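No experiment lies behind these values; they were computed from the predicted model shown.
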Amino acid sequence: MLDKIIVDNIIQNALKEDMPLGDITTDNLIDENSKSKAKLIAKEAGILAGIEVAERVFRILDPQVYFKANFKDGESLKKGDIIAEIEGNTRALLKGERTALNILQRISAIATKTNEYCQKVKDLPVKIVDTRKTTPGLRYLEKYAVRAGGGTNHRYCLSDGVLIKDNHIQAAGGIKKAVELARKSIPHTIKIEVETETLEQVAEALEAGADIIMLDNMSYEMMKEAVKLINKRAVVEASGNVSLETIYDIACTGVDIISVGKLTHTVAALDISMKFID
């Protein structure tokens with residue numbers, strides 16, 4: 001479920017960026033009362049995400065626009081599928097085209113990539129989650145896309161979860177000290193996660209009472225040892241160098257969660273186009 005206020009704010013900022021003083025081409029070529037029809041077409045296979053956002057782009061520019069979505073978010077697309085049919089003010093369609101496509105292509109790509117990772121471990125009891133490696137200003141939509149693709153969200157921002165990483169540990173004076181300092185200040189409802197790189201650090205995090213222990217860039221064998229050491233006394237997250245080639249073996253080590261930065265920071269836009277029709 002998308003929050004309309006947040007979505008509208010993202011769209012308005014994108015439209016202001018794209019035409020801060022109007023669309024000099026469209027405004028001088030097209031009669032203000034002109035009407036047109038168009039289709040959104042999938043140029044390659046993938047998982048759809050953001051169709052309601054695309055509709056909202058055009059509806060902000062033309063409240064009377066007709067927009068018929070033929071697919072829902074999370075559904076599979078084939079090359080050539082007509083994703084949506086649109087009819088409305090020609091100027092509005094032209095002005096909204098790039099913003100709608102930029103968002104739709106970007107977050108559909110994230111949903112598609114997430115689905116690929118999830119399918120690799122679909123028979124194993126592990127969650128695939130995202131990270132904060134997102135596009136500035138688009139995190140809300142990109143994390144939504146992860147859910148549309150079958151994944152799960154990690155913390156949304158620095159304000160909603162304690163994650164003690166290597167630099168925090170160094171600056172605070174060790175894992176035990178860092179956990180103690182966090183416990184003194186945070187509400188009892190907030191969990192504490194600690195990033196570890198060695199089995200010694202795993203043991204220290206356990207002793208300190210960490211709720212979640214991240215195994216960062218560990219070998220498969222070390223991860224197995226860490227899972228055995230933790231023995232369900234904390235949630236275990238694997239992170240670092242996760243790819244489609246390695247994710248199944250990582251899941252087989254017994255971890256509960258695998259966080260994947262590649263879901264959001266290295267995806268290529270899904271090829272979707274908008275074409276005017278007679």
Side-chain angles (χ1 to χ4, degrees), residues 1-2 42-51 53 71-79 81 83 103-136 138-157 160-161 163 165 193 195-197 212-224 226-227 230 235-272:
M1 194 74 173
L2 287 166
K43 306 299 286 292
E44 62 179 316
I47 303 296
L48 180 65
I51 191 62
V53 184
F71 293 86
K72 296 178 181 179
D73 285 352
E75 292 186 335
S76 298
L77 299 173
K78 303 187 303 296
K79 181 179 179 180
D81 278 343
I83 301 170
I103 293 172
L104 194 61
Q105 290 178 302
R106 171 78 183 162
I107 66 175
S108 290
I110 291 171
T112 301
K113 180 63 67 177
T114 300
N115 188 258
E116 290 177 12
Y117 275 87
C118 290
Q119 288 301 313
K120 289 283 186 180
V121 295
K122 63 181 180 179
D123 298 322
L124 297 173
V126 66
K127 289 183 178 180
I128 304 303
V129 307
D130 51 29
T131 70
R132 286 170 38 250
K133 296 176 181 177
T134 55
T135 308
L138 289 181
R139 179 173 295 172
Y140 179 78
L141 292 180
E142 293 186 350
K143 281 184 170 284
Y144 166 77
V146 168
R147 300 195 302 275
T152 304
N153 296 145
H154 206 293
R155 59 178 179 164
Y156 179 76
C157 65
D160 63 10
L163 175 44
K165 297 174 72 67
E193 179 170 5
E195 178 185 86
T196 62
E197 298 176 345
I212 307 162
I213 297 177
M214 179 192 293
L215 312 180
D216 187 46
N217 287 296
M218 290 187 181
S219 67
Y220 301 139
E221 289 306 314
M222 189 180 292
M223 279 190 276
K224 288 178 183 177
V227 170
I230 295 167
V235 175
V236 186
E237 175 184 339
S239 183
N241 294 318
V242 181
S243 67
L244 287 169
E245 291 70 38
T246 63
I247 195 164
Y248 184 82
D249 289 333
I250 292 173
C252 286
T253 65
V255 299
D256 303 299
I257 296 166
I258 304 175
S259 53
V260 188
K262 291 179 180 178
L263 299 184
T264 54
H265 76 70
T266 53
V267 294
L270 195 72
D271 194 359
I272 298 171

Would Val235 and Ile257 satisfy side chain to side chain contact (heavy atoms under 4.5 Å, CB included), going step by step from the backbone distance to the final call?
CA-CA 8 Å; Val235 175; Ile257 296 166; 3.7 Å; yes
Would a 4.5 Å heavy-atom cut-off, applied to side chains only, mark [X] and [Y] as touching?
X: Glu197; Y: Asn217; value: no
X: Thr264; Y: Lys113; value: no
X: Ile110; Y: Asp130; value: no
X: Val53; Y: Tyr144; value: no
X: Thr253; Y: Leu215; value: no
X: Asn153; Y: Val146; value: yes
X: Thr135; Y: Glu142; value: yes

Please determine whether side chain to side chain contact (heavy atoms under 4.5 Å, CB included) holds for the pair Glu237 and His154, giving the CA-CA distance in whole Å, both sets of side-chain angles, and the decisive distance to 0.1 Å.
CA-CA 11 Å; Glu237 175 184 339; His154 206 293; 3.0 Å; yes
Tell me yes or no: between the side chains of Ser259 and Ser239, is some donor less than 3.5 Å from an acceptor?
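Note: Ser259 and Ser239 side chains meet the donor-acceptor criterion.
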Is a donor on one side and an acceptor on the other found under 3.5 Å between the side chain of [X] and the backbone of [Y]?
X: Arg139; Y: Arg132; answer: yes
X: Thr112; Y: Ile47; answer: yes
X: Lys143; Y: Arg155; answer: yes

Can you establish whether the number of heavy atoms outside Tyr220 located under 6.0 Å from its atom OH is more than 12?
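For Tyr220, atom OH is crowded (more than 12 foreign heavy atoms under 6.0 Å).
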